[in-house]
Every structure is written in structure tokens, then in C-alpha cells.
Amino acid sequence: MSDITIRRATADDSRRLTRLVRGSRAYRGDYAAMVEGYQVGGSYIEHHPVFVAADGGGDGKVFGFYALLVDGVGVAAGGEAELDLAFVADEAQGLGIGRLLMEHMAGQARAAGAGSVKVVAHPPAEEFYLRTGAVRTGTVPPSGSVHWERPELRYDVA
């Protein structure tokens with residue numbers, strides 16, 4: 001694998017990020033309804049800090065991405081940002097890309113003035129977040145189209 005570059009996503013990345021989400025093995029079976037029809041839209045990408053881990057060697061292949069919500073009240077005063085999306089392509093898992101993205105995310109949250117980052121995780125991803133420094137803070141009960149409990153975690157970034 002070539003060098004990995006983390007760069008800000010653009011609206012032009014919308015299709016490839018949407019494909020990455022919809023094609024994730026983590027959302028098969030009972031979890032498939034969560035990503036069916038899901039779209040990482042260009043306006044979402046332009047409005048929120050969305051960063052991709054891409055092949056820096058020339059072809060620009062995207063191996064993963066994350067989206068951070070920093071618009072919330074109190075972020076600039078040491079409040080809490082939220083990790084809204086985080087995906088690593090199935091073929092790139094286990095190569096350190098997720099860890100690289102979470103380190104980058106923590107730096108971006110810190111730069112925005114946040115003291116912590118909240119994560120409401122997909123249950124199979126909880127172990128990944130714990131390995132990368134998050135701590136479990138609770139459980140979010142089922143609601144809407146989500147029919148299972150989800151772990152709530154926090155990264156301290158201050």
C-alpha cells in the first residue's frame with residue numbers, strides 16, 4: 001500500500017463515501033437497514049469537517065473517512081464534539097487506517113476547542129473505539145429504525 005494521506009473531503013467525494021458506507025460488511029444482516037439508501041451528500045461534506053484517508057501515491061483511492069460535528073453549543077469552550085461517521089473500507093481494515101483517522105479526528109476536535117468527542121457506536125465497532133482510546137460512558141436505547149442498543153463512548157481530547 002502506498003503512503004496514506006488524510007485530506008479534507010469535498011462534495012466530489014460523495015459517491016465514493018456513500019459506496020464505502022453502503023458496502024461495509026459491518027452493516028450486513030440485521031444491521032443492513034441502517035445503511036440502505038444512506039447517502040453521504042455533498043452538502044453534508046461541505047458543511048461538516050469530513051476527512052478521508054486516501055492513497056497518496058496518485059490514484060486517490062479512499063480507504064476510509066470520518067465526519068466530526070463541531071457546530072454544537074459549547075464546543076469552542078471545551079465542550080463536546082461528536083463523531084458522526086467513521087468507516088474504513090473492508091479491504092483496508094487491520095492496516096492502521098482507522099487508528100490514523102481517530103488520531104486525526106482528535107486533533108481536529110482539539111483545534112475546534114472541544115474537550116471531548118462523543119461516539120454513539122455501531123455495536124460491532126465498540127472494540128475498535130476502545131482500542132483507540134475511547135472509554136465507554138453508557139448505552140443508547142433503541143429508537144426509530146435502530147432496534148438495538150448502541151454503546152456510547154467518549155474520547156478525551158483536551
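Here, residue 1 is the first one in the sequence, and each next residue gets the next number. Computed over heavy atoms, backbone and side chain alike; hydrogens, waters and symmetry mates excluded.
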Using the rule that Ile, Leu, Val, Met, Phe, Trp and Tyr join whenever any side-chain heavy atoms are under 4.5 Å apart, tell me whether L130 and V88 fall into a single cluster. yes
Transitive ILVMFWY side-chain link V120 to M102, under 4.5 Å: no
Shortest non-hydrogen contact from A53 toward I4: CB-CG2, 3.8 Å
Can you find a pair of side-chain heavy atoms, one from R136 and one from Y129, that are under 4.5 Å apart? no
Assign the ring pair W148 / H122 to parallel, tilted or perpendicular, where the plane angle (0 to 90°) is split at 30° and 60°. perpendicular
Within a strict 4.5 Å, meaning less than it, do heavy atoms of the Q39 and S14 side chains meet? yes
Are V40 and L20 close enough that some pair of their side-chain heavy atoms sits under 4.5 Å apart? no
Tell me whether T137 contacts the main-chain N or O of E152 through its side chain, where contact means a donor paired with an acceptor under 3.5 Å. yes
Tell me if the CZ atom of R7 is crowded by more than 12 foreign heavy atoms within 6.0 Å. yes
Would you say the side chain of D84 lies within less than 4.5 Å of the side chain of H48, judging by non-hydrogen atoms? no
Report yes if the side chains of Y155 and T132 come closer than 4.5 Å at any heavy-atom pair, otherwise no. yes
Walk me through whether L85 and Y38 qualify under side-chain contact (heavy atoms from CB on, under 4.5 Å). CA-CA 12 Å; L85 299 167; Y38 192 86; 3.5 Å; yes
Flag the pair R150 / S143 as yes when at least one side-chain heavy-atom distance between them is below 4.5 Å, and no otherwise. yes
